[in-house]
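One structure is given here, and the rest of the page talks about it.
It should be emphasised that the depicted structure is a prediction, and the values quoted were computed from it without experimental measurement. Index from 1, following the sequence.
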Amino acid sequence: MYVSTIRLTIFLFVTTALASVVELDTSNFNDLVLNSGKNTLVKFYASWCSHCSKLEPVWEELATAYEKEPNVQIARIDADKHQKVGKQYGIDGYPTIKLFKKDDVQHPIEFEGARSVESFTNFISAHTGVKPPGSAPSLVVKLNDLNIEDIVGHKDAFIAVTADWCGHCKRLKPTWQKLAEVYQGDSDVVIIGQVQVTDPEPSEWIKEKFQIRSFPTLLYIKNGDWQNPEIYEAPRTLAAFTEFVNERAGTTRAEDGGLHPDAGLLHSLDDLVSTFVGSTKQERVKLANKLTEALNNLKKEHKYAKEIRYYTKLINSLVNGPYDFIPREIARLEKMLNEDLAPEARDSALFRLNILRYFNSCITPNTHK
């Protein structure tokens, strides 16, 4: 009886430990991964693979970290046993790890970094923006030879190349972490990254490509253009870094991570907007084409996408109605900002409110004629 109790206790413990990992097979793969509406990190493994066995404790820890996150799940499938699924995704080695993003499940992204909880977490965060609930991992994206091109893609990236023995690198670390926090709401535009050359992950290609000779070296990559990196040589302060990134990425962040009062405003169009808004309804129909053409020219710079969309919406309302949209929307957003909002929602409201207030300031008695 005593032995049976011990066995039962051990069994329950193991079941609990594994409960966070989603078990997949041929029959449930489509439902639990492709149709789940979640971002799913899948480990394709084989029961006889020693590397897979070594990864198992890390995989369980990772699954536990995301257990309460509704948008991410950690899963595994014995691809040697369920070869139909393995063949479908080109699995020819074990373990192979792929991220199925909920908005693009047909094109899973293969993980090629170090097999650690931190590396997996950074990988998920970089591609989905989701972090484990209740955890506070560094927002600085860890980069190396294996993942840098995939993670950066065509975005901007401000990258610190560091070494763990470097005193200057250690002094930079807290400021670099704060910088990553400032731009966490702009991760779709710019990445704040780090290449630690003394980590186990390979970095020889990066060191050779960018001719790294001292530490820290700070690189700015514009739109994924690896051929023309800019070496940052200004003061290493949060204020200087923030100003530098804003100028190059077209962002409008303040040092506290909030938005500048003029965030969202396209100042190059101020005169056109002022004339358009202050004109009669009949005149605005003629001016709308000129203003739309100016917005299309800005599109060629491959930024300001959100600003252009909202400017276009306000232009349409002033041409086609409802003509009282601007004051009504200002009142609604000001009321919303008095509520407890998530940072992303507050940014979005402030962004729109700034643009609305500028349009509203251009209204004249002619506007309503």
- Task: Over all heavy atoms of both residues, which pair between Asn354 and His260 is shortest? Give the atoms and the distance, please.
- Result: ND2-O, 3.5 Å
- Residues forming a salt bridge (Lys or Arg N to Asp or Glu O under 4.0 Å) with Asp324, sequence neighbours excluded: Arg328
I'd like a table of donor-acceptor pairs (distance under 3.5 Å, sequence neighbours excluded) in which one partner is a side-chain atom from residues 189-205, with atom names and distances.
from	atom 1	to	atom 2	distance (Å)
Gln194	NE2	Thr162	OG1	2.8
Gln194	NE2	Gln196	OE1	3.4
Gln196	OE1	Thr162	OG1	2.3
Thr198	OG1	Asp164	N	3.0
Thr198	OG1	Asp164	OD1	3.3
Thr198	OG1	Asp164	OD2	3.4
Glu204	OE2	Lys207	NZ	2.9

- Query: For Glu230, which residues count as a side chain to side chain donor-acceptor pair (under 3.5 Å) partner, sequence neighbours excluded?
  - Reply: Arg248
- Query: Ion pair present between Arg352 and Asp347, side-chain N to carboxylate O less than 4.0 angstrom?
  - Reply: no
- salt bridge (Lys or Arg N to Asp or Glu O under 4.0 Å) partners for Arg115, two or more places apart: none
- Message: Side-chain heavy atoms under 4.5 Å apart, restricted to Ile/Leu/Val/Met/Phe/Trp/Tyr: what other residues fall into the cluster of Leu146, or is it alone?
- Response: none
- Message: Has Trp59 got a side-chain atom pairing as donor or acceptor with Val117's backbone, closer than 3.5 angstrom?
- Response: no
- Query: Would the number of heavy atoms belonging to other residues, nucleotides or ligands and lying under 6.0 Å from NE2 of His267 be above 12?
  - Reply: yes
- Message: I'd like to know if Asp186 and Arg253 make a salt bridge, using a cut-off of under 4.0 Å between side-chain N and carboxylate O.
- Response: yes
- Hey, can you tell me if Tyr232 and Phe158 have their rings parallel, tilted or perpendicular (30° and 60° cut-offs)? perpendicular
- Query: Please, which pairs that meet ring-ring contact (aromatic ring centres under 6.0 Å, His included) have at least one residue in residues 349-369, sequence neighbours excluded?
  - Reply: Tyr311-Phe359
- For the student: nearest non-hydrogen atoms of Asp256 and Gly258, plus distance: OD1-N, 2.8 Å
- Query: Are the side chain of Thr64 and the backbone N or O of Glu60 linked by a donor-acceptor pair below 3.5 Å?
  - Reply: yes
- Determine whether more than 12 heavy atoms belonging to other residues, nucleotides or ligands lie under 6.0 Å from atom CG of Asp103. yes
Expected list for residues 166-175: side-chain donor-acceptor pairs under 3.5 angstrom, two or more places apart:
from	atom 1	to	atom 2	distance (Å)
His168	ND1	Arg171	NH2	2.9

- Is a donor on one side and an acceptor on the other found under 3.5 Å between the side chain of Ser36 and the backbone of Val33? yes
- Under the ring pair (Phe, Tyr, Trp, His ring centres under 6.0 Å) test, residues paired with Phe123 that sit two or more places apart: Phe111, His127
- Task: Compute whether any side-chain donor of one residue and acceptor of the other, for Glu283 and Thr280, lie under 3.5 angstrom apart.
- Result: yes
- Message: Under 4.5 Å between side-chain heavy atoms, counting indirect links through other Ile/Leu/Val/Met/Phe/Trp/Tyr residues: same cluster for Leu287 and Leu272 or not?
- Response: yes
- With sequence neighbours excluded, tell me which residues meet salt bridge (Lys or Arg N to Asp or Glu O under 4.0 Å) with Asp145. none
- Item | Nearest atoms (heavy-atom pairs only) where Leu219 meets Ile231 | CD2-CD1, 3.0 Å
- Message: Apply the hydrophobic cluster definition, ILVMFWY joined by side-chain contacts under 4.5 Å directly or through others, and give me every member besides Tyr323.
- Response: none
Name every donor-acceptor pair, under 3.5 Å, that has one atom in a side chain of residues 37-46 and the other anywhere in the protein, sequence neighbours excluded.
from	atom 1	to	atom 2	distance (Å)
Asn39	OD1	Lys102	N	3.0
Asn39	ND2	Asn71	O	3.1
Thr40	OG1	Gln73	NE2	2.9
Lys43	NZ	Glu56	OE1	2.5

- Query: Looking only at side chains, do Asp31 and Asn28 share a donor and an acceptor under 3.5 Å apart?
  - Reply: no
- Message: With a 3.5 Å distance limit and no angle check, can you tell me whether Gln83 reaches the backbone of Asp80 through a side-chain donor-acceptor pair?
- Response: yes
- Check for a donor-acceptor pair, side chain of Asn223 on one end and backbone N or O of Asp225 on the other, with a separation under 3.5 Å. no
- Message: Looking at Glu181 and Lys178, is there a salt bridge between them, counting it only when a charged N and a carboxylate O are closer than 4.0 Å?
- Response: no
- Message: I'd like to know if the side chain of Thr367 reaches the main chain of Ile363, judged simply by a donor and an acceptor atom lying under 3.5 Å from each other, with no hydrogens or angles considered.
- Response: no
Anything under 3.5 Å between a donor and an acceptor, one on a side chain of residues 84-99, the other on a protein residue two or more places apart or in another chain? List them.
from	atom 1	to	atom 2	distance (Å)
Thr96	OG1	Gly93	O	2.6
Lys98	NZ	Glu110	OE1	3.3

